[in-house]
Amino acid sequence: QAGETFNIQSPKQLGVILFEKMHLPYAKKTKTGYSTAADVLEKLAEEAPIVQDILSYRQLAKLKSTYADGLHAFIAKDGRIHGTFNQMVTATGRISSTDPNLQNIPVRTKLGRELRKVFIPRDGYVFVDADYSQIELRVMAHISGDEGLLRAFREGRDVHRATASEVFGVDIEHVTSQQRRMAKVINFGLIYGMSAWGLRQNLGVEKGVAEHYIEQYFARYPKVKRYMEDIRNQARTHGYVQTAFGRRLWLPDIASSRIPVQKAAERAAINAPMQGTAADLIKKAMVAVQKWLQETGAKSRLILQVHDELILEVPEEEVETVREALPRLMSGVAELKVPLVAEVGVADNWEAAH
DNA sequence: GCGATCAGCGG
DNA sequence: CCCTCGCTGATCGCG
């Protein structure tokens, strides 16, 4: 379709083909040339059929190289993958995973999820998998003390739906799936310390619209706004912020004369107490689970943590005990202003247990 | 063989 | 202000 041979895996060569030979309109540039990132190509898919083929190729190539072939190379003689977990890498106190990274196994697309089916327990065992429901947002409700957010969680509401209702000014039962999807992006944006610019990129909305959503959000959840102002000031005054348990993140860049550097430190100041408290909570849960396993003499073993999720390999005879204990231990690690909820699943592969 | 760059995966 | 972070794979230029 390009009329010549080129390396489809080279963004540089692809850029020349699409934007110089085929004269497609380029939306974005990188430091060194044209951007061929997925969000750019998606906008061009209608203009030229080759673009959709490239996106499809990219998806399949990613799954094959990083996950199918990549994970295969790590299978040990015992048939298992033994990754490495690092406790001293991230700014927020999360753990990270390498060789391979077991914390970014695909889940969001149907084809990607297929890869999770290759993770299976040993004979006679199953996986018991529990994940915290909306843990960072619950921590945000706790730390900020915002009444609207606290009420949403105490009443067991769908928090993205509740946010959509507030931000778009519609009754909760009239929230459209589109509005809920956008509210979810806003909520994640807040958690990950995303700027209005980043939110705009993510939502693909017009200039000013993202700012308007953020304005609406803060009007409806005023103590969240207050929290963000207070934490910024605390970072400036003391040079650090802390999690609900007092673990500190030092932010020397908060006083930088370079404004972008300072802004980055401010986003970290806002984000770290939420993500860091969530990291503290699941570490407490891991300790509680391990203690419980030892005290009860269980054969079950904790085999993986993925930020808000714990996966145990459990012999059939312990399934009912662990299915009850795991979410109870996770919920019980701390008494916050909102309940901590953990949802549990049992299956003979990771995809089905999640 | 190494580092920079781009791209894409998860929470 | 090229703006979330940490990780991995492919390409490309360099020595």
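In this text, all values refer to a predicted model and were calculated from it rather than measured experimentally. The sequence lines fix the lettering, A, B, ..., with proteins before strands; numbering per chain opens at 1.
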For a quick check under 3.5 Å, do [X] and [Y] share a side-chain donor-acceptor pair by atom type?
| X | Y | result |
| --- | --- | --- |
| A:Q52 | A:E42 | no |
| A:S96 | A:N86 | no |
| A:S165 | A:R180 | no |
| A:E318 | A:S300 | yes |
| A:N187 | A:H160 | yes |
| A:R94 | A:Q275 | yes |

State whether [X] places a side-chain N or O below 4.0 Å from either non-bridging phosphate oxygen (OP1 or OP2) of [N].
| X | N | result |
| --- | --- | --- |
| A:Q9 | C:dC12 | no |
| A:N7 | C:dT11 | yes |
| A:S10 | C:dC12 | yes |

In terms of relative ring orientation, are A:F19 and A:Y34 parallel, tilted or perpendicular, with 30° and 60° separating the classes?
tilted
Once you measure the plane-to-plane angle for A:F188 and A:Y192, does it fall in the parallel (<30°), tilted (30-60°) or perpendicular (>60°) bin?
parallel
Touch class at under 4.0 angstrom, heavy-atom based, for [X] against every strand present:
| X | result |
| --- | --- |
| A:R267 | base |
| A:K28 | nothing |
| A:V89 | sugar-phosphate |
| A:A38 | sugar-phosphate |
| A:A91 | sugar-phosphate |
| A:D69 | nothing |
| A:K62 | base |
| A:T92 | nothing |
| A:I191 | nothing |

Quick check for you: to the nearest 0.5 Å, what is the distance between A:D158 atom CG and A:S133 atom OG?
9.0 Å
Determine whether A:R161 and A:E173 satisfy the following criterion, salt bridge (Lys or Arg N to Asp or Glu O under 4.0 Å), listing intermediate values before the conclusion.
CA-CA 9 Å; A:R161 181 166 286 272; A:E173 58 270 22; over 6 Å; no
Reading DNA chain B in the 5' to 3' direction, which nucleotide is the first one with an atom under 4.0 Å from a heavy atom of chain A, and which is the last?
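Reading along DNA chain B, I get B:dT5 to B:dG11.
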Please report, rounded to the nearest Å, how far the [atom2] atom of [N] is from the [atom1] atom of [X].
| X | N | atom1 | atom2 | result |
| --- | --- | --- | --- | --- |
| A:N86 | C:dT8 | CG | P | 11 Å |
| A:Q13 | C:dA10 | CD | P | 16 Å |
| A:N271 | C:dG6 | CG | C1' | 13 Å |
| A:H72 | C:dT8 | NE2 | P | 19 Å |
| A:Q103 | C:dT8 | CD | C1' | 14 Å |
| A:F188 | C:dC5 | CZ | P | 17 Å |
| A:R94 | C:dC7 | CZ | C1' | 13 Å |
| A:N104 | C:dC5 | CG | C1' | 12 Å |

Nearest-angstrom distance, P atom, C:dT4 to B:dA7:
16 Å
Filtered N/O pairs between nucleotides 13-15 of chain C and protein, under 3.5 Å:
{"residue": "C:dG13", "atom": "OP1", "partner": "A:K12", "partner atom": "NZ", "Å": "2.9"}

Cation-pi geometry met for A:K62 and A:Y57 (6.0 Å, 45°):
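Because its charged atom misses either the 6.0 Å distance or the 45° angle limit, A:K62 does not stack over A:Y57.
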A:T98 side-chain proximity, nearest of C:dT11, C:dT4, C:dC7:
C:dC7
Please compare A:F74 and A:A264 by the position of their nearest nucleotide in DNA chain C and report the one closer to 5'.
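Counting from the 5' end, the first nearest nucleotide belongs to A:A264.
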